[in-house]
Amino acid sequence: MIHSLFLVNSSGDIFLEKHWKSVVSRSVCDYFFEAQERASEPENVPPVIPTPHHYLISVLRHRIYFVAVIQSEVPPLFVIEFLHRVVDTFQDYFGVCTEAAIKDNVVVVYELLEEMLDNGFPLATESNILKELIKPPTILRTVVNTITGSTNVGEQLPTGQLSVVPWRRTGVKYTNNEAYFDVVEEIDAIIDKSGSTITAEIQGVIDACVKLTGMPDLTLSFMNPRLLDDVSFHPCVRFKRWEAERILSFIPPDGNFRLLSYHVSSQNLVAIPVYVKHNITFREGSSQGRFELTLGPKQTMGKGVEAVLVSSQLPRGVLNTNLNPTQGTYTFDPVTKLLSWDVGKINPQKLPSLKGSMSLQAGASKPDENPTINIQFKIQQSALSGLKVNRLDMYGEKYKPFKGIKYMTKAGKFQIATR
Amino acid sequence: MTPMQKLLQLPVNAMNMVKTAQDQMGQQDEAKSPVMTPDGGNHNWYNGEPNDPRHIRFGSGGGDQEERAHLEEGGGSLSSLVTQPLRHDDLKEMLDSNKDSLKLEAMKRIVAMIARGKNASDLFPAVVKNVACKNIEVKKLVYVYLVRYAEEQQDLALLSISTFQRGLKDPNQLIRASALRVLSSIRVTIIVPIMMLAIKEAASDMSPYVRKTAAHAIPKLYSLDPEQKDCLIEVIEKLLADKTTLVAGSVVMAFEEVCPERIDLIHKNYRKLCNLLIDVEEWGQVVIINMLTRYARTQFLNPNMNESLLEEGGGEKAFYGSDNDDDTDDEEDKEEKEKKKTEATAIVKRKPYVMDPDHRLLLRNTKPLLQSRNAAVVMAVAQLYFHLAPKAEVGVIAKALVRLMRSHSEVQYVVLQNVATMSIKRRGMFEPYLKSFYIRSTDPTQIKVLKLEVLTNLANETNISTILREFQTYIKSNDKDFVAATIQAIGRCATNIGEVRDTCLNGLVQLLSNRDELVVAESVVVIKKLLQMQPEQHSDIIKHMAKLTDNIQVPMARASILWLIGEYCEHVPKIAPDVLRKMAKTFTNEEDIVKLQIINLAAKLYLTNSKQTKLLTQYVLNLAKYDQNYDIRDRARFIRQLIVPTDKSGALSKYAKKLFLALKPAPVLESPFKDRDHFQLGSLSHLLNAKAGGYQVLPDWPEAAPDPSVRNVEVPEWTKCSSREKRKEKKADKPFYSDSEGESGPTESADSASDTASGSESGSGSEESGSGSESEESNEDSESASEEDEEEEGKKKKKNVEKIKARKPVPESESEPSSGEEVKKSEKKSKPRIGSSESESEEDEDSESESSESEEEESEEESEEETKKKKKTTASKPPSKPPKKENKKEKKEMSLLDFDDFDPAPSPSQVTPLNNFLSSSLVTDLEGLSLTDNVLSPTTIVPSGNLKTYELLHRITGEGLSVEYCFSRQPFSPDPHMVAVKIQFTNSATSEAKSLHVEDAKLQSGMRIKEFPEIEVLPAGETVSVVMGIDFCDSTQAANFQLCTHTRKFFVSIQPPVGELMMPIFMTENEFKKEQETLLQSLGQLMGMNEITEKLTLEEKCQGEHAVVQRVTTAANLSRVPCGSDKECSPPVPPPPFPIHRFAGKTVTSGSLVLVSVVTKEDGAAQLTVNCEKMVIGTMLVKDILQALTQ
């Protein structure tokens, strides 16, 4: 299946290669570089590139291209999904997945890649198993290793691989047993110039951090499970139970994991938590344009809207801007024409606004396109869809764990058209 | 790396290739005696050409090697001068050293080199020596190196083979697996037979993990030597029959790579694969689903063959005839359709098609996987449904696919490609999700274009207005490629939906005044296509476009306009010649396609309006005659001959007008995704729209279904463990067995022992008789036992001697219990315990798992937990048995290991006969409970004062302070729900201990503790007793707390025997019976739930009534139910011939009744019955009392 892997950085250097079958010359990447040159933006490189003898399937994460070389028919998603899993694992191990981090830990990276694929077919991709095999590097361990000469490679054999619960390692022990769940919802919306919603949907996830001793069996129930019309689960969740009772029943992996992700579709009415009043005009023949933007909260269930960040790609004709924010800071990059305004918290009594003028290229006709405004925000302690966890129970172990649930709403791809 | 090298990075690679070749030659020489001549030093003399003049120049000694190395490399490039060989030298030195840390450092640097793509092949001999290194990380890195370079240095690689061969025989499954993994990854043709043998052996290994590795190895061997195909197919066939989820994915993968055409191998395993699917790991699921799709296409009938009617009734496509795929049957009258809508099932009945249950099974079992977090799995299921499901059911996949659109852009890209294909065939499916395909300004262009494609496919009369409005906003985008794609999309909507054609056309014409040339050009092209459909009505548009020729520079657009004018010159008779005039002027500066169209236009005008344009045409043709491009020259010559009448002109010129002015059919604007579904969706071939290597064509449905009985399997018992519910049980069991369980595998791993082991096994049957007799116990048990036989069988071939050594104790111990029935019973009862204690002891010896952490009481608690489980699920016994035997073997062979995971610690006690073994393990268990022999041994009658004391803190650990405790069996006055614990402090130190108190109690939930008052001073040599209360919450969990003195803190824990968790209550015999009845009834008479009966044989010494009572009350805090003479029992029950002893009590915390009765019979036979609401308590109590009575 996957023949080789090349990691390519943003400047087009191959800084790591790994072959699972016979060696493929790195010159195969030339086809990739060609495609990269042709693409206007880094993310426009086609994920699948055919070459005379191979196929290159690549993903772009953290400004690194992970280019897999394959030789014969394989579902492309299979490779893409696997590559993303590799990136997730690196991130899990090194905190960040940057070129520097990979170079610093090249041996661990190599060991990981060796375990994750066997002859190009995925072998161990569960982070718990991998951590049993190869311990993630920490500063402490690095120090200890240099002193004692011990290694990052687990002394144990990966018993987890043999288990019927492959995602959980055996013999977990904690003094403080705790289980935290974060319900995070992202709202994606397109709002048209008049402020009416074209489409809005909620993507939610429940991320868990479970540190429980032994082999606990958890059940999580919701007040309103009907909201979740489309869900995908971590493999630990017992699907039949969900089908029958709408209860999540699972033996959790150890540590952090994504329990489920769900989708509340546009069919359900989604309340939009903020509104934007905008007035962006360019006059024909004038080298000035007006720019006005006001933000306000709307249907937030009494929770404050925080960490608001507005960004907009202004038309190419705009040379510079001269704007005054009532709060926060704004920047405009005259080269990329990217305007960004870090608003912070919205105070409902005194709505933040950004007003001023734009200077345009003299003599040029007024720009065709009007910018779209992208907004990011956070609302703590509230899940926009109204999803509520009812209770969490634990079976199979006798101690009493500490439980916690947190809700948060974020803007996902939230964009407002101005014309 | 020197700066020089950096500059010349690319040449280094090229050079390395040359160098590798050179090296290989050199290394082969070396290989002749690699061990005797370690690298460095003198042997380089032999390596070089003896008559090489360079050699003489540089002389001998240490410097020689590096110098020579330059020269060798000098041929390639100057880049890697001094440094590289130097560094390699010190790497070699490090690898040769004795220190693991140096070796590790060297290996790390080498791996880093490999990772950067640098050549490290000249280190091969130095590295390969370390293949048997004790350090795991070094070893792993050596493997990495070996797999990378073995192909280049085949001879040297052979040196490592013996290490792996040894590994293949290792008793530890994980070591066997990793040895096979590396062995099969070394791409050296000469070891093919060894690999083949290893794979065959591993395929019948008892560990599913090793079998999985074997499955992985199959494609490796196949790619190395396709000759082995037949043998490999045999192995695949065998592994396909495997019943574990672990193996399933890997073997199907091997099947797909080696023999995808042998679909017949799947028949017997089809149902099993369907059922196992949900529990297979995600990557395996993808492969299996794809394979099953193909399988189903060959084996089942098309479910849609007469469902087109149904779909019509469904109302999705009835209106839009334009791209309705295949079968619109208008002959069906409307009424009937209506009926069908409501009576879908009735139709099915009437029609001959009935879905094969196996087909249905596949659809049903894959559906839950749409919920997978893995996009590849979801896609696999989606394509399966698309290709196999009845049209009415395909809809379920839409939602899941739409969900995937939120994922990474690469995932989106692939999913959208597939959605685009699907949406052509099944538009209705995605219509509800139209808005999910709306485009955001932040999407990458390639995603935008795909979304446009989907939106266009989804457009119909009802939603076209919304879609067009959406398109309007897209046209204002910054992204010009995207705008162009949008215009094309509008054009397609206009062609497909007649109602909006005019609107679209008007919109497009407006775009012609756009400032952006690209937009205008694209619009022109699209308008051209639209106009072709109804040119008569649109002469004004053509006129408008004619004017544009002055401004538009984009060649494609100019060409389109010219073509339009030429084609419809009759509609614009005045303008056309003028345009030609202008064009003739600029002819030389135009692009080629424009020139061709100018010639075209000239020719058409000449034919229709020769009076005005004759000269112009001549002029243009003359210009073209001398054009640089031969196409244009060619065309000019051709057209001149055709249209200008000369005497030599051929017959064709008569038809010139017909040729040029024929009515051209309007172009059909088609989706590029049309008909792409003849490739299996989700495949690479589909994505590229070209057949990729190794792509298996998705066959068409068969006309008639092949015989479904081929899928029948003789023994249909295997499915049992597949459902997730079942798995739950297993999961729960798992931790208690620790490693040993994994080794034996859960019950499902039980291989079909019969097909391999049976025949040859019978010969050695006599040896197995011990275990044979044992196997009567239960079906499953016998299965695992015979599996073991099979494993034994495998070993026998190789290690006869060892086998006998390892085997001997097993039959011996096995045959022991069968001699006397009673013993066997007792063994049976305590079997769970054996299991746990076994694993426990193994932990200790192996140091494999966290033995250090696992405290005694914990494992004890686990074993209790386990017993409970055992009793509850009577069937789950086997796991505890096989591991025991396995482990013994493992221990026997421990000394053969060269891996340092295990300490070689075979102790003789392990191989002693079972009886001995049993009791010794029991003792260890009991120590955990702190119930040592003396309490159980027959002592004198114990009045309540004579209590067993337990040690809480030993004198030595307590630094002179020793603490003992006993359960005083007095009610604890401050809280009746607490068990009173009497604690006795003895200060045997020389100094006094101050302020003794309890601190920091760590209790399980629900448990409480009432501390004793602080003891201010305990003088040396004194003893003091206090009482504390503990509410154990009716569990035998230990109460952990700290015992503090003024100087120290000691962690201590008190764990109650189950008998201390209750207090006696007084009851009459009739009450007792009544309670017993109600207890039984209250739980729905689930015997065994709250009543546990065990037969036992009383020891000689305690056959007396007195002794029985004595022992029971010692074991548990119960009171005897008085009954005068046993003969005077209540009338309804016929007087039992032997005395019955009854005891009653209730648990301290919850007050649940505990009723115990012991019926004694002849010859010391007796029956013990315990009734208790609390099952755990009941089970444990039975165990304890049994012990008390039988010891």
Side-chain angles (χ1 to χ4, degrees), chain A residues 16-17 22 26 43-44 46-48 50 55 59 72-78 80-81 84 106-107 110-111 114 118-119 121-122 149 151 153 156-157 159 161-165 170-171 173 190 199 203 215 230-234 238-240 251 263 266 368-369 372 396 398-400 413 415 417, chain B residues 101 108 111-112 115 117 136-137 140 144 151 174 187 209 216 220 253 283 286 368 371 373-376 379 399 403 406 408-411 413-414 435 438 440-441 444-446 473 476 478 515 682-685 687-688 692-695 724 727 730-732 735 739 742 746 849-850 1004-1005 1037:
Chain A
L16 189 127
E17 64 180 68
S22 53
R26 53 164 70 187
E43 60 263 28
N44 273 333
V48 183
Y55 303 94
V59 304
S72 58
E73 172 63 48
V74 62
L77 267 186
F78 186 97
I80 289 169
E81 185 77 21
H84 282 299
V106 69
V107 176
Y110 232 67
E111 284 166 346
E114 185 73 25
D118 181 14
N119 194 36
F121 190 75
T151 69
V153 174
Q156 291 174 6
L157 290 159
T159 47
Q161 264 171 330
L162 312 170
S163 147
V164 286
V165 199
T170 47
K173 253 192 156 125
I190 303 178
T199 164
Q203 302 285 342
M215 199 53 81
D230 185 28
V231 275
S232 75
F233 300 115
H234 189 275
R238 296 186 182 100
F239 183 71
K240 294 224 167 83
I251 293 180
H263 179 105
S266 43
D368 266 340
E369 68 269 15
T372 49
K398 291 200 173 122
Y399 53 82
K400 205 173 172 110
K413 296 170 182 165
Q415 95 180 32
Chain B
S101 57
K108 281 187 172 170
V111 166
I136 290 191
E137 189 163 15
K140 277 202 172 169
V144 169
E151 203 174 3
L174 293 156
R187 300 178 51 83
Y209 186 63
H216 277 279
K220 297 187 208 169
M253 180 70 223
W283 311 109
V286 178
Q371 246 76 47
R373 65 167 170 176
N374 188 319
M379 190 65 233
K399 200 192 268 180
R403 168 163 44 83
R406 254 302 287 221
H408 301 283
S409 80
E410 295 88 4
V411 176
Y413 177 81
V414 179
K435 285 186 172 178
Y438 280 4
R440 294 162 200 284
S441 58
T445 311
Q446 48 188 356
T473 57
K476 287 169 196 150
N478 280 331
R515 210 171 287 113
S683 68
L684 183 64
S685 305
L687 189 86
L688 300 170
Y695 172 73
R724 286 205 168 194
R727 193 205 262 187
K730 262 183 271 147
K731 276 177 208 157
D739 293 337
S849 50
E850 53 306 294
Q1004 302 296 340
S1005 60
Q1037 297 267 18

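Here is the naming used below: chain letters follow the sequence lines, and residue numbers restart at 1 for every chain.
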Which bit of A:Gln203 is near chain B, if near means a heavy-atom gap under 4.5 Å: side chain, backbone, both or neither? side chain
Supply the atom-to-atom distance A:Asp118 CG to B:Met253 CE, rounded to the nearest 0.5 angstrom. 11.0 Å
For chain B, which candidate among A:Pro50, A:Ser72, A:Ser22, A:Ser232 shows the most heavy-atom pairs at distances under 4.5 Å? A:Ser232
Using non-hydrogen atoms only, which part of A:Leu16 is less than 4.5 Å away from chain B: side chain, backbone, both, or neither? both
What orientation do A:Phe121 and B:His216 show, parallel under 30°, tilted 30 to 60°, or perpendicular over 60°? tilted
Given that the side chain runs from C-beta out, which part of B:Tyr413 has a heavy atom under 4.5 Å from chain A: side chain, backbone, both or neither? side chain
Is it the backbone or the side chain of B:Val411 that comes under 4.5 Å from a heavy atom of chain A, or both, or neither? both
Name all residues meeting the side-chain hydrogen bond (donor to acceptor under 3.5 Å, both in side chains) criterion together with A:Glu43; count only those two or more places apart in sequence or in a different chain, and write none if there are none. none
So, A:Gln415 side chain and B:Ser441 main chain: donor-acceptor pair closer than 3.5 Å or not? yes
Of the listed residues (A:Asn119, A:Thr372, A:Ile190), which shares the most heavy-atom pairs with chain B below a 4.5 Å separation? A:Asn119
Start with the C-alpha distance between A:His263 and B:Lys399, add both sets of side-chain angles, then the distance that settles side chain to side chain contact (heavy atoms under 4.5 Å, CB included), and finish with yes or no. CA-CA 10 Å; A:His263 179 105; B:Lys399 200 192 268 180; over 6 Å; no
Chain A heavy atoms under 4.5 Å from B:Arg440: which part of the residue, side chain, backbone, both or neither? both
Let me know if A:Glu81 has heavy atoms under 4.5 Å from chain B in its side chain, its backbone, both or neither. both
Show your reasoning for whether salt bridge (charged side-chain N to carboxylate O under 4.0 Å, His left out) applies to B:Arg403 and A:Asp230. CA-CA 8 Å; B:Arg403 168 163 44 83; A:Asp230 185 28; 3.0 Å; yes
Contact winner vs chain B - A:Pro47, A:Pro46, A:Pro75, heavy-atom pairs under 4.5 Å: A:Pro47
Contacting region of A:Tyr110 [heavy-atom separation from chain B under 4.5 Å]: side chain
Has A:Glu73 got a side-chain atom pairing as donor or acceptor with B:Ser685's backbone, closer than 3.5 angstrom? yes
